[in-house]
Structure formats: structure tokens, C-alpha cells
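Please read the structure below before turning to the comments.
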Amino acid sequence: MKDNNFSEWYNEIIEKAEILDVRYPVKGLYIWLPYGLRIRNNIISIIKQILEAHGHEEVLFPLLIPENLLRKESEHIKGFEEQVYWVTKGGDKELNVKLALRPTSETAIYPIVALWIKSHKDLPLKIYQVVNVFRYETKHTRPLIRLREITTFKEAHTFHKSMEEAEEQVKEAIEIYKKFFDKLAIPYMINRRPDWDKFPGALYTIAFDTIFPDGRTLQIATIHNLGQNFSKPFDIKFEKIDGSFDHVYQTCYGISDRVVASVIAIHGDKDGLVLLPDISPYQIVIVPIIYKDSKKIVLENSMEIYKRLSKKYRVYIDLREDETPGSKFYYWEMKGIPLRIEIGPKDIKENVVTIFRRDTKERLKVENDSIEKFINDLFNDIYNNLRSKAWKRFEEKIVRIYSLNDIKSGCVNEINLCGKDSCGKYLEDKTGLRVLGEAIDKKEHGSCIVCKELTDKIYRIAKSY
RNA sequence: GGGGCCGUAGGGUAGCCUGGUGAUCCUGCCGGCUUGGGGUGCCGGUGACCCAGGUUCAAAUCCUGGCGGCCCCA
């Protein structure tokens with residue numbers, strides 16, 4: 001079902017694995033359930049760690065943005081106008097100044113940062129926050145993919161003394177997201193968005209796209225070079241070494257709930273979630289195999305191993321007596337727990353435990369004394385296996401195309417394109433696919449698939465979410 | 001942006017076309033016995049017609065609107 005009806009599979013997993021409750025009576029808003037939230041939080045802490053290691057500091061700005069600030073940068077507001085939720089009343093009273101629920105936080109953050117930055121010594125400044133943002137989506141909403149409340153919006157904002165430094169920051173951001181998605185074993189391609197699809201107000205936008213099992217691409221991270229487009233209207237100035245003043249150069253970059261969607265969609269299989277040890281709420285679940293006559297010894301043994309492993313891992317021991325082992329197996333596989341340890345009378349007699357790995361469904365017998373060592377290796381194995389499988393499937397969905405007639409809709413097409421808007425738009429109209437943008441890591445001589453002009457630019461087009 | 005389909009217990013469904021029976025079945029949940037190394041079996045119980053209006057003696061069923069879900073095309 002994952003392969004022939006991805007949507008159905010996805011919705012079912014979200015519900016059965018208890019990621020979200022999708023029954024909230026407002027379109028595009030969902031409830032994080034405890035299990036899903038733990039996965040989300042584990043993922044967030046990974047990106048936080050990486051950002052902090054790269055010198056970013058966490059901040060937290062308000063949700064409401066006064067209308068005049070939201071409108072300061074004209075391209076920006078044009079891009080978001082149709083999607084803004086407004087707060088117009090306080091109780092019964094009409095507000096004098098309408099307040100927007102942030103669709104993103106540039107216009108909330110920048111006027112304040114303008115107060116913080118005085119001199120070149122204050123630069124670079126690198127901050128980030130993890131917040132919710134609201135967008136009145138008119139298109140089909142989907143859990144974690146297209147939301148009206150994006151509950152997990154990690155946005156970083158950086159401020160620099162020169163365009164060169166801002167360009168360097170874009171490169172650092174790319175490295176940050178590479179590390180992040182590598183850690184999650186999510187394959188990606190990096191595309192420079194066409195001008196008509198860049199972030200409103202940006203000089204240019206670079207995006208990470210992954211490919212879902214149904215062949216559609218999903219944007220999972222974006223990086224924007226803002227130049228001085230925001231620092232001028234928001235008047236973010238600094239004094240240079242020579243005493244003159246300039247407006248700062250800025251970048252911003254973000255990820256969202258879509259990262260969680262990718263983790264679910266890319267690693268999951270027909271039996272449910274498949275989680276990496278790093279992000280799984282529990283890394284190991286212990287299922288004692290209880291028979292009447294050996295109940296006591298099995299429980300004692302299981303508890304002992306549970307306590308022992310809990311020192312190093314996140315472990316859950318499933319002591320429910322009204323469920324049979326078989327039903328527990330299915331349950332924890334749906335939940336994606338990387339390892340299951342079965343302990344029964346046979347194991348105890350042989351002084352072993354039975355370890356089952358979720359990713360390959362193999363069962364292994366492991367000597368009692370060497371469990372920890374074995375698990376450490378196994379965790380690495382699981383990561384490597386999931387990562388290489390994911391990249392393999394990803395690459396199978398990318399094709400190199402030389403003629404308009406050969407373009408395929410179920411995968412990512414790599415083509416030569418001159419880069420003119422007119423050729424890109426023509427292509428979108430003609431194929432119904434979307435121009436994801438120019439591959440930043442790939443060049444190849446050829447001629448534009450539309451106008452035949454010589455070019456070495458490779459563009460990617462695909463059906464996207 | 002355009003078009004189509006749908007809304008019945010916690011989940012999945014039958015019934016709707018052609019209005020009228022105690023609203024079907026599976027699953028889940030609760031209780032009991034049984035079983036326990038891949039969804040153990042049996043018995044008993046629980047729980048639903050999205051909302052508002054309209055048509056009608058009578059609405060899950062027909063009509064209008066709202067809210068919500070899904071699919072296709074651009």
C-alpha cells in the first residue's frame with residue numbers, strides 16, 4: 001500500500017502510530033499526540049545542537065505582528081498577503097492596529113534587531129527560534145505537509161557586515177542542513193529556486209527537496225539570501241571600522257514539520273513506522289514471553305536486563321498481561337521501535353536474549369554478556385542500512401532527460417534549461433510539473449530543452465507537494 | 001485557479017438511488033473465562049447517522065447552506 005497508494009498509507013500511519021490526532025475541527029490544524037511529539041522533539045533537539053555548534057543562539061519573539069511592520073517590505077507582504085490571519089478585536093473592541101498571526105517572523109524580529117545592532121562588533125549575529133506560524137492555506141491541507149498552523153517552524157536569522165559574509169552564511173546553512181538530514185538519513189537534492197518561486201523579499205532562495213514514495217518532491221528546508229532588502233526598510237544599520245554606516249546583509253533559513261513527515265514517509269514500510277535509534281521515543285522495547293510455569297523467572301530476568309540497558313538506552317518494558325506476545329510484536333513494529341528484545345524460558349536456559357531489528361525484521365540470538373556491545377554495532381548498522389536504502393530509492397526516482405517528449409511525471413527530471421523565466425514557465429505549462437530550480441551541485445553542457453540555447457545549467461522539474 | 005467524490009460508534013464500513021423494521025458487519029474499548037515464542041478462542045457488554053435550515057404524516061436517506069475530509073486537472 002505504501003507504494004501504490006501513498007496518501008492512504010500516510011494517513012493511516014499518522015493515526016495508527018499515534019503521531020497526530022487529525023480530528024480537530026478546524027481545517028489544517030492537528031494535535032500532536034505524546035508519541036509523535038516525542039519524535040518531533042528528538043528531531044528538534046538534533047537541529048538545535050547543530051545550530052548551537054555553528055554559533056546560533058536561541059530567541060523567542062511574539063506571535064502577533066502589527067500591520068505596519070508586516071507591510072514594511074513590499075515584496076514580502078505581497079507574497080504573504082493572501083495567507084495572513086488577522087486579529088482585529090480585543091474582546092468587543094476593534095483594535096486600532098490590526099495584528100497579524102506571524103506567517104513567518106522576519107517583520108517581527110528585524111525592527112528589534114535594529115535596536116540591538118550598533119557596530120560591526122555586533123556582527124555577525126546569528127539567532128534562531130522554534131515557533132508556530134499561521135498561514136491561511138487555500139490548497140489541500142495535509143498533516144505535517146501543508147498546515148494552517150505550522151507547529152514546528154525553526155527559523156534562523158543572521159546579520160552580516162558584507163554581502164560576501166552573507167554568501168558565506170548561505171554556504172554554512174547548506175552545511176548545517178546537510179548534517180541535519182544526513183543524521184536523519186533523509187536523502188535530498190539542493191536546488192536554487194527560480195526567481196518566480198523565491199521567498200518574497202529575498203535575492204534568491206536555495207531549497208532542499210526530497211522525494212516521497214509516490215514520486216512527488218517535498219521541500220524540506222529553504223535558505224534565503226536577503227541582501228539588504230529587509231535591512232533598508234527596517235533600518236538595521238551598523239557603524240563600520242572607518243566610521244561610516246551601512247545596512248546589514250542578511251540571510252534566513254528554516255525547516256518545519258515537513259521534516260517529521262519525511263522521516264515517516266521515507267523510512268516507514270507496510271508494517272508502520274521505522275525509526276532511527278536517535279529519534280525513536282524508545283530505542284528498545286523488551287517483551288517478556290510469559291508462560292504460567294516460568295512467569296516468575298522470566299519477569300525477574302527481564303527486569304534485570306531492563307534495568308541494565310536503561311543505564312545506556314531509552315528502554316520500554318511491555319509488561320501487559322492481557323496482550324499476547326504476537327500482538328505486542330505487531331504493536332511495537334507499527335510504532336517503529338528500532339529493536340525488540342524477547343526474553344522467554346528458552347532464552348534464559350541458553351543464557352541469551354532474542355533481538356529483533358525493525359528495519360530488516362531479522363531475529364538474532366545474542367549472548368547475555370555482550371548485549372551492549374552488540375546493540376551499539378546494531379544501531380550503527382540500522383542507521384547505515386536505512387540511509388543507503390533511502391538514497392537508493394531516491395536516486396532511482398531521478399532521470400536525466402534530453403527532450404520534452406521524454407519527460408516523466410512520476411519522477412524528478414534533470415534537464416538542461418537556459419534559466420530564462422519564459423522557458424521555465426513554458427515548461428511548467430506544458431508538462432504540469434514544477435520547476436524546482438537549478439541544481440547547485442551539478443553542471444552539464446547541452447542545450448536548453450525549450451529554446452535550444454547552449455547552456456551548462458541543469459534544472460530539476462517534478463510534481464511537488 | 002477549475003472540476004469531481006464523500007461525511008453513519010474510537011477506526012473501517014452496509015444501508016441512501018426508490019424516505020417508514022430494533023441502523024449492518026469487522027475492528028477497538030469494558031467485564032469474565034481461556035490462551036500465551038507472530039494479531040488465542042469463546043461468552044457478555046459499550047458505542048454512531050457532521051452542523052443549521054427546508055420539504056414531508058415521517059429524513060441517515062431528498063433539497064439549500066455551512067463546516068470538515070479526499071481525488072483529479074491546470
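Letters A, B, ... are given to chains in the order of the sequence lines, protein chains preceding strands, and every chain is numbered from 1. Remember, it's a predicted structure, so these values are computed and weren't measured experimentally.
Between the side chains of Tyr426(A) and Asp421(A), no donor-acceptor pair is found at a separation under 3.5 Å.
Put simply, the side chain of Arg340(A) and the base of G38(B) share a donor and an acceptor less than 3.5 Å apart.
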Could you go through nucleotides 5-11 of chain B and list every protein N or O atom that sits under 3.5 Å from one of its N or O atoms, giving the distance for each pair?
from   : atom 1 : to       : atom 2 : distance (Å)
G10(B) : O3'    : Arg23(A) : NH1    : 2.8
G10(B) : O2'    : Arg23(A) : NH1    : 3.2

Filtered N/O pairs between nucleotides 26-28 of chain B and protein, under 3.5 Å:
none

Watson-Crick and G-U pairing of RNA chain B, under 3.5 Å, as dot-bracket with | and [ ]: (((((((..(((.......[....)))((((((.......))))))...(((((..]....)))))))))))).
Contact letters for nucleotides 39-49 of chain B, in which S counts primed atoms plus P, OP1 and OP2 and B counts the base, heavy atoms under 4.0 Å: BB---------
Annotated protein contacts, base or backbone, on nucleotides 66-74 of chain B with a non-hydrogen cut-off under 4.0 Å, one of B, S, - each: --SSSS-SS
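In terms of position along RNA chain B, the nucleotide closest to Thr138(A) lies nearer the 5' end than the nucleotide closest to the other residue of the pair Lys361(A) and Thr138(A).
Each of Arg358(A), Lys2(A), Lys361(A) was checked for a side-chain hydrogen bond (donor to acceptor under 3.5 Å, both in side chains) with Asp269(A), and the lone residue meeting it is Arg358(A). With respect to Leu309(A), the side-chain contact (heavy atoms from CB on, under 4.5 Å) criterion is satisfied by exactly one of Ile375(A), Leu339(A), Ile317(A): Ile375(A).
Legend: residues meeting salt bridge (charged side-chain N to carboxylate O under 4.0 Å, His left out) with Asp293(A), ordered by chain and number and at least two apart, are absent.
The side chain of Lys292(A) places an N or O atom within less than 4.0 Å of a non-bridging phosphate oxygen (OP1 or OP2) of U35(B).
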